Every structure is written in C-alpha cells, then in structure tokens.
Amino acid sequence: GFTLTKTREPRYITNPGNVMLSNGITSGTMVSTVKAVKGGKSYVHEIATTLPVDDTVWTTNTSSTSSFVFSNLTPGRQYWVRVAVIGARRQKAYSIVSTWYAQ
C-alpha cells in the first residue's frame with residue numbers, strides 16, 4: 001500500500017516587496033498594491049500622514065486581497081504606505097514603505 005497522507009511542512013511567508021501606489025478613480029483616493037504572497041492569509045494596508053519613525057501611528061485597513069483603495073484623503077498631501085502580509089501562526093512580513101501625494 002500507499003500512504004494517503006502528506007508529510008506536513010512548515011509554510012513561511014516572504015516579504016511582499018515594494019508597494020505600488022497610484023491615483024484612485026476619484027479625487028482623494030489612492031490604490032495600494034503589492035505582489036500576492038503564497039501562504040498569505042490576509043493583508044494589512046497601513047497609511048501614515050507623517051514621515052515614519054519608530055513611534056509613528058499607522059492607520060490600518062485589513063484586506064483579503066493584495067490591493068486596497070484608501071479614501072477620504074486630502075488632495076495634495078503626502079502619505080506613507082506599507083503593507084503587511086499575515087500568514088499562518090501569526091507570521092507577519094512587511095513591505096518597504098512607499099510615499100505618494102494624493103490627488
């Protein structure tokens with residue numbers, strides 16, 4: 001006989017890479033996108049209104065996809081965005097921080 005069970009292997013998530021930012025369809029919106037990560041269960045798109053430092057307060061938005069639309073942004077203001085990929089057993093991997101001026 002053959003065994004029908006597969007040997008369990010740990011899954012590790014990787015860094016999602018760079019955040020790609022673009023203007024949304026309407027004024028005051030911005031689209032955040034990262035490469036989909038194998039093993040990623042959800043994505044946390046975070047935005048800040050000041051240059052990130054150790055104690056920066058990030059506004060978080062959880063999504064089941066690697067893309068998210070931020071809304072109610074002030075046109076002409078600079079924003080900083082990062083994305084965390086959430087994996088099994090509380091794994092979390094952050095992207096590089098990107099910046100964009102809202103339109």
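As the structure is a prediction and not an experimental result, all values here were calculated from the model. Computation of the quantities below employed the complete heavy-atom set of this structure, encompassing side-chain atoms and omitting hydrogens, waters and symmetry-equivalent molecules.
Hydrophobic cluster membership differs between V97 and Y43, with clusters built from Ile, Leu, Val, Met, Phe, Trp and Tyr side chains linked at under 4.5 angstrom.
No more than 12 heavy atoms of other residues, nucleotides or ligands shown are found within 6.0 angstrom of CD1 on I25.
A93 and P16 make their closest contact through O-CD, 3.8 Å (heavy atoms, listed as atom of the first residue, atom of the second, distance). Taking every heavy atom of both residues into account, W58 and W80 meet most closely at CZ3-O, 3.5 Å. When every heavy atom of T56 is checked against every heavy atom of A48, the shortest pair comes out as CG2-CB, 3.8 Å. Listed here is the closest heavy atom pair of G24 and V31: CA-CG2, 4.1 Å. Shown here for G28 and P75, the closest heavy-atom pair between the two residues is N-CG, 4.4 Å. The shortest heavy-atom contact between I47 and Y79 is CD1-CD2, 3.6 Å.
Judged as a side-chain hydrogen bond (donor to acceptor under 3.5 Å, both in side chains), and not counting sequence neighbours, S42 has no contacts.
Between F70 and F68, the ring planes are perpendicular. Angles over 60° get that label, and only those under 30° would be called parallel.
Under a 4.5 Å side-chain heavy-atom criterion applied to ILVMFWY residues, the cluster that includes V57 comprises that residue alone.
For the pairing with S32, the side chain to side chain contact (heavy atoms under 4.5 Å, CB included) check across E46, M20, H45 returns one residue only, H45. Checked options I13, V44, T14; the residue passing with V85 is I13 (criterion: side chain to side chain contact (heavy atoms under 4.5 Å, CB included)). Results of the side chain to side chain contact (heavy atoms under 4.5 Å, CB included) test with V19 over V34, T99, T33 single out V34 as the only residue that passes.
Atoms NZ and CD, from K41 and Q91 in turn, are 9.5 Å apart once rounded to the nearest 0.5 Å. Distance CZ/R82 to OG1/T60: 10.0 Å, rounded to 0.5 Å. To the nearest 0.5 angstrom, L21 atom CG is 5.5 Å from M30 atom CE.
In this structure, a donor-acceptor pair under 3.5 Å is present between the side chains of S63 and T65.
Under the 3.5 Å distance criterion, the side-chain polar atoms of S27 are matched with a main-chain donor or acceptor of Q103.
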